[in-house]
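The structure appears right after this line, and notes come after that.
Naming convention: chains lettered A, B, ... in sequence-line order (proteins, then strands); numbering from 1 in each chain.
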Number of protein chains: 2
Amino acid sequence: MKLRCRDTVSDEEERALEHACSGFREAKPKEVLVHERRPQTQSHLLLEGIVARQSTLSDGRRQIVALHVPGDFVDLHSFLVQSLEHDVVALTPVRIAIFPHAGLRAITETHPHLARMLWLSTLLDAALHREWVLTVGRRTAKERVAHLLCELHARMRVVERTTGNSYQLPLSQTDIADACGLTNVHVNRVLRRLREAGLARFRTKIVEILDPEGLAAAAEFDPFYLHLGGFPR
Amino acid sequence: MKLRCRDTVSDEEERALEHACSGFREAKPKEVLVHERRPQTQSHLLLEGIVARQSTLSDGRRQIVALHVPGDFVDLHSFLVQSLEHDVVALTPVRIAIFPHAGLRAITETHPHLARMLWLSTLLDAALHREWVLTVGRRTAKERVAHLLCELHARMRVVERTTGNSYQLPLSQTDIADACGLTNVHVNRVLRRLREAGLARFRTKIVEILDPEGLAAAAEFDPFYLHLGGFPR
DNA sequence: CGGCTGCTTGAATGCGGTCAAGTCCAGTGG
DNA sequence: CCACTGGACTTGACCGCATTCAAGCAGCCG
């Protein structure tokens, strides 16, 4: 639970955070963990698996607005906005830690530094959102998929879910398409092109990055926006 | 400065906030207020005018990732992430209030409720970002432009910058294009179609919404994501 | 006056979507 | 054991929305 090491977290703060956790939960793929527009009284920290935040237009067009890997606070923001404007859905089997809002609120009253760290984690979410706006707004299909593979590689590595240049990514091509603002058919074609270009491979739910520099160049990926550097807050 | 009335702000908190403001600044269109990747020591609250946060790919493709209207804290997040991954640019003549990070940090130590309000404002930013991901990822060109006009109308109304169903929007069509992930040429065509359909008009830097319900329907616009409802935090 | 920026419109191009058919499984049940 | 089923992946052919390229126009300013 001490995954958030962009700044030092004291033992006392770690205990305060553990104290705010009321329990755990598991869920299966496709299960909706949080429904949009329903008042929430707790937030969720992802321990294992992958979850998506997604919105759907009336005619069924679906967009994944964020993907989360283990260690991410999936809906910390519900603590202050009460109800979400999107669904939170498990894409794989997941394990989750639950944090009632009352406890989070108490932390903001008594542990300002820890509160800033939590605030920071929502700011990093926002930075990811902005990069995604850039991606779906201006990058080509090939760049989008390549960028997503690079981003997830970097984020998975932080939480030690990679083995060298490959990592498990138990998503369907349709999931990737909905994250990139493309169709599953076109994602399939793009993945083939990436494979044929010797850049990356995605099969049997495993991503292998064959040419890290080449893939990053093709995506114009620069991990700066992940703000991985630590400094005192 | 008491624009943030989603929850009550006490006199004492208002004074604390005013105390944290170190001064003011003006800038002309196209001026870069904050450069990406440069360490920051202060944040900026927009008082008058419109600013954009934008990223640019190496070949010049530009994406506006956020637009700000008076009353918005443009880069409050620099307080915790130190340097931004995007530029902050004035699109019109602007007037700005400056808040050194030290003062903001002090607020988090001594005014937990005010700190939560500031945190909330960054969460609302993130909610806007997510809606934009949905927009550029899944909406058609016509829907995108219509949605932007609706969103800005709602946001401008909150800060009393509207007169009935019209408001000043001193942006170029290229700015709108870069916000919507389109080209200026196509935005021009879409605006014509919106006008011919009797939905909205945008000329001489003024937006007139001729058919609010029709425009919202065409955009599938629902202001819920703006989280305008107030409740205690 | 020229020069610049932004708006407008037309014609051609192309990226990604749509539609459709077919393949490859893992799971299920006869 | 194999037939059946459903879901995800793959590939091809065609289509269309938005881009690109280009030209012309309007307003503003030195």
Side-chain angles (χ1 to χ4, degrees), chain A residues 28-30 50 52 57 59-64 91-93 135-148 168-197 200-207 218-219, chain B residues 28-31 50 52 57 59-64 89-93 135-148 169-197 200-207 218-219:
Chain A
K28 288 180 297 195
K30 309 232 177 196
I50 293 185
L57 295 176
D59 63 355
R61 280 174 288 176
R62 171 200 189 212
Q63 178 68 43
I64 293 178
L91 297 183
T92 71
T135 294
V136 293
R138 289 303 184 203
R139 282 190 237 256
T140 66
K142 184 182 175 187
E143 291 166 343
R144 293 185 207 186
V145 176
H147 196 273
L148 184 67
Q168 282 226 320
L169 186 69
L171 305 188
S172 70
Q173 293 184 359
T174 298
D175 292 332
I176 294 176
D178 288 341
C180 294
L182 301 168
T183 60
N184 55 356
V185 174
H186 201 57
V187 164
N188 182 281
R189 287 189 240 271
V190 169
L191 285 172
R192 179 152 61 100
R193 281 201 291 152
L194 289 178
R195 186 170 3 105
E196 288 168 356
R201 187 180 299 165
F202 174 54
R203 257 190 305 175
T204 65
K205 309 299 183 194
I206 292 175
V207 176
Chain B
K28 288 181 297 196
K30 309 235 175 193
E31 198 168 325
I50 292 184
L57 295 175
D59 64 355
R61 280 173 288 176
R62 171 201 189 210
Q63 178 68 43
I64 293 179
V89 184
L91 298 183
T92 71
T135 294
V136 291
R138 289 303 185 204
R139 283 191 237 256
T140 65
K142 184 182 173 187
E143 292 166 343
R144 292 185 207 188
V145 176
H147 195 274
L148 184 68
L169 186 68
L171 305 188
S172 71
Q173 293 184 1
T174 299
D175 291 332
I176 294 176
D178 289 341
C180 294
L182 301 168
T183 60
N184 55 355
V185 173
H186 201 56
V187 163
N188 182 280
R189 288 189 239 270
V190 168
L191 286 173
R192 178 153 61 98
R193 282 202 290 151
L194 290 178
R195 186 168 4 105
E196 288 168 355
R201 187 179 299 165
F202 174 55
R203 255 191 306 175
T204 64
K205 309 301 184 192
I206 292 175
V207 175

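By the neighbour-count criterion of 12 heavy atoms within 6.0 Å, atom CD of B/Glu143 is densely surrounded, having more than that number from other residues, nucleotides or ligands.
Heavy atoms of A/Lys205 sit under 4.0 angstrom from primed sugar atoms or phosphate atoms, though from no base atom. Looking at heavy-atom distances under 4.0 Å, A/Lys142 makes no contact with the nucleic acid at all.
For the pair A/Arg203 CZ and D/dC9 P, the computed distance is 13 Å after rounding to whole Å. Distance A/Arg138 CZ to C/dC15 P: 17 Å, rounded to the nearest Å. We find that CZ of B/Arg189 is positioned 11 Å from P of C/dA11, with the value rounded to whole Å. Nucleotide C/dG17 holds its C1' atom 14 Å from the CG atom of A/Asp59, rounded to whole Å. Nucleotide D/dT11 holds its P atom 14 Å from the CG atom of A/Asn184, rounded to whole Å. Atom CZ of B/Arg62 is separated from atom C1' of D/dT19 by 18 Å (rounded to the nearest Å). A straight line from CG of B/Asn188 to P of C/dT5 spans 19 Å, rounded to a whole angstrom. Following rounding to the nearest Å, A/Gln173 (CD) and C/dC24 (P) show an atom-to-atom distance of 16 Å.
Shortest non-hydrogen contact noted between A/Phe202 and A/Leu171 is CZ-O, 3.5 Å.
Where B/Arg192 and A/Thr183 meet DNA chain C, the nucleotide closest to each residue was compared, and B/Arg192 sits on the side nearer the 5' end.
An OP1 or OP2 oxygen of D/dG7 is reached within less than 4.0 angstrom by no side-chain nitrogen or oxygen of A/Lys30.
Across D/dC9, C/dG17, D/dA18, the shortest atom-to-atom separation from the side chain of B/Thr140 is found for D/dA18. Across D/dA18, C/dG16, C/dC19, the shortest atom-to-atom separation from the side chain of A/His186 is found for C/dG16. In the set C/dC7, D/dC9, D/dT19, the nucleotide with an atom closest to the side chain of B/Leu182 is D/dT19.
No donor-acceptor distance shorter than 3.5 angstrom exists from the side chain of A/Arg195 to the backbone of A/Arg201, with no hydrogens or angles considered.
Among A/Leu182, A/Thr135, A/Thr140, the single residue meeting the side chain to side chain contact (heavy atoms under 4.5 Å, CB included) criterion with A/Val145 is A/Leu182. Exactly one of B/Gln173, B/Gln63, B/Arg62 qualifies for a side chain to side chain donor-acceptor pair (under 3.5 Å) with B/Asp178. That residue is B/Arg62.
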